[in-house]
2 protein chains.
Amino acid sequence: MRISTKGGYGIRAMYELAMAHGQGPVPLKVVAEKQALSENYLEQLMGTLRKAGLVRGIRGARGGYELALPPEKISVGDVIRALEGPIAPVSCVDLDAEAGCERHAHCPTRGLWERLRDSMIEVLDSTSLADLCKEAPQDAAPEDSGKGHC
Amino acid sequence: MRISTKGGYGIRAMYELAMAHGQGPVPLKVVAEKQALSENYLEQLMGTLRKAGLVRGIRGARGGYELALPPEKISVGDVIRALEGPIAPVSCVDLDAEAGCERHAHCPTRGLWERLRDSMIEVLDSTSLADLCKEAPQDAAPEDSGKGHC
DNA sequence: GCTAATTCCGACCACTTCACTAGGAATTCC
DNA sequence: GGAATTCCTAGTGAAGTGGTCGGAATTAGC
């Protein structure tokens, strides 16, 4: 029942972009340094987030990444879904796929998985990047205080 | 964000044992047939569940497995924890390990993961095997009606 | 005591995913 | 032109998934 590091790293990277929102693009090098992540690996994740429409990449010198939407409009769930796929503990209660298993009418565990899925979605979709910024302890990044968007 | 088939298969097997609780041991062959699972694979899972104290194995002819506790006393969370490890979306909010990461005091995402963990635990621990039995649609296993413990 | 049924145990295996590293092409600012 | 940066693709070792297989130990019933 773990998310992979993809989701975790992605959230941390998006948090950095949210903190710098409105101040121009942030190069990956900076994000990787602040969050102590591999820059190369992060690059791949950002590619996925870009294709999902959550970030914009700006090439060239003085380039970097920035949020494609304001931090209030991006939920943690959006990021997780982009990087890890649909939020569902088992595939047969995947909301994004109308598949469903053949015996869903008489499956004794279906209700359980639906309840679990819904409670996970509730937490993840009700938390935005802006919320994360607000939640961040003051001593998290003293050098940012007063500058960031959040 | 998926549980592996271990957890899913385990729950389905435990559901079968719950349905037959009080009627003597159920051989794996029967469980595997009813739930359409690989008997060999199920064997491994039952070994884990036995070591966790959730089931008893009775060897020899007319042997099989039975719940080590009444179905009301075993939660879905117990089964998942036995088969998949602690219920925590990221390792640093694992309740069973006092580890925690070195920078937990100034981690902007910790609160999020704690909320997610708690909501998952709430659903999984508040559902017992007996609940699953009650929840099961009537047409699930008509041949069982009136016979089973639930 | 023999036989059939069953758990118990450990080894093995093909496949996929994870978490990266590496290298180079394209783009853009100065 | 040169430096910085995104973008893209390929490779890689380690781990996890989802099994299979063979055989030993135990037990009920004849």
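Just so we're on the same page: letters track the sequence lines, and every chain starts at 1. Computed over heavy atoms, backbone and side chain alike; hydrogens, waters and symmetry mates excluded.
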### Query
Considering only heavy atoms and no angle criterion, is a donor-acceptor pair shorter than 3.5 Å present between the side chain of Glu43(B) and the base of dC8(C)?
yes

### Query
Under 3.5 Å, is there a donor-acceptor pair between the side chain of Arg110(A) and the main chain of Cys92(A)?
yes

### Query
Taking only N and O in the side chain of Tyr65(A), is any of them less than 4.0 Å away from OP1 or OP2 of dC7(D)?
yes

### Query
Think Arg50(A) has a side-chain N or O under 4.0 angstrom from the OP1 or OP2 of dC8(D)?
yes

### Message
I need the CZ-P distance between Arg56(B) and dT27(D), as an integer number of Å.
### Response
15 Å

### Message
Can you tell me which nucleotide in dT6(C), dT21(C), dA5(C) comes closest to the side chain of Gln44(A)?
### Response
dT21(C)

### Query
Which nucleotide, dT27(C), dC29(C), dT27(D), lies nearest any side-chain atom of Arg59(B)?
dT27(D)

### Summary
Between CD of Glu39(A) and C1' of dA22(C) the distance, given in whole Å, is 13 Å

### Task
From the options dT6(C), dC30(C), dA26(C), select the nucleotide whose nearest atom is closest to the side chain of Pro27(B).
dT6(C)

### Task
Can you tell me the distance, in whole Å, between the CE atom of Met46(A) and the C1' atom of dT9(D)?
19 Å

#### Entry: Phosphate contact (dT21(C) OP1 or OP2) by Ser38(A) side-chain N/O below 4.0 Å
yes

### Query
Closest approach of Val123(A) and Ser119(B), non-hydrogen atoms and distance?
CG2-OG, 3.6 Å

### Task
Please state whether the phosphate of dT17(D), meaning OP1 or OP2, lies under 4.0 angstrom from any side-chain nitrogen or oxygen of Lys6(B).
yes

### Query
Hey, does the side chain of Ser128(A) reach the backbone of Asp131(A) with a donor-acceptor pair shorter than 3.5 angstrom?
yes

### Task
Please report, rounded to the nearest Å, how far the P atom of dT6(D) is from the CG atom of Leu49(A).
13 Å

### Task
Using the side-chain contact (heavy atoms from CB on, under 4.5 Å) rule, pick out the option among Leu124(A), Asp94(A), Val93(A) that qualifies with Ile87(A).
Leu124(A)

### Query
Taking the nucleotide of DNA chain D with the closest heavy atom to each, which residue, Arg62(B) or Glu84(B), is nearer the 5' end?
Glu84(B)

### Query
For the pair made of NZ in Lys51(A) and P in dT6(D), what is the distance, rounded to whole Å?
15 Å

### Query
Which part of the nucleic acid, if any, lies within contact of Gly47(A), taking any heavy atom under 4.0 Å across all strands shown: a base, the sugar-phosphate backbone alone, or nothing?
nothing

### Task
Kindly say if Thr5(B) contacts the phosphate of dG18(D), meaning a side-chain N or O under 4.0 Å from OP1 or OP2.
yes

### Query
Please give, in whole Å, the distance from dA19(C) P to Leu42(A) CG?
13 Å

### Task
Starting from P on dG10(C), measure out to CG on Leu45(B) and report it in whole angstrom.
16 Å

## Note on the structure
Rounded to whole Å, the CG-C1' distance (Leu83(B) to dG18(D)) equals 13 Å

### Query
Do the side chain of Glu84(A) and the main chain of Ser4(A) share a donor and acceptor less than 3.5 angstrom apart?
yes

### Query
Between Tyr41(A) and dC18(C), is there a side-chain N or O to OP1/OP2 distance below 4.0 Å?
no

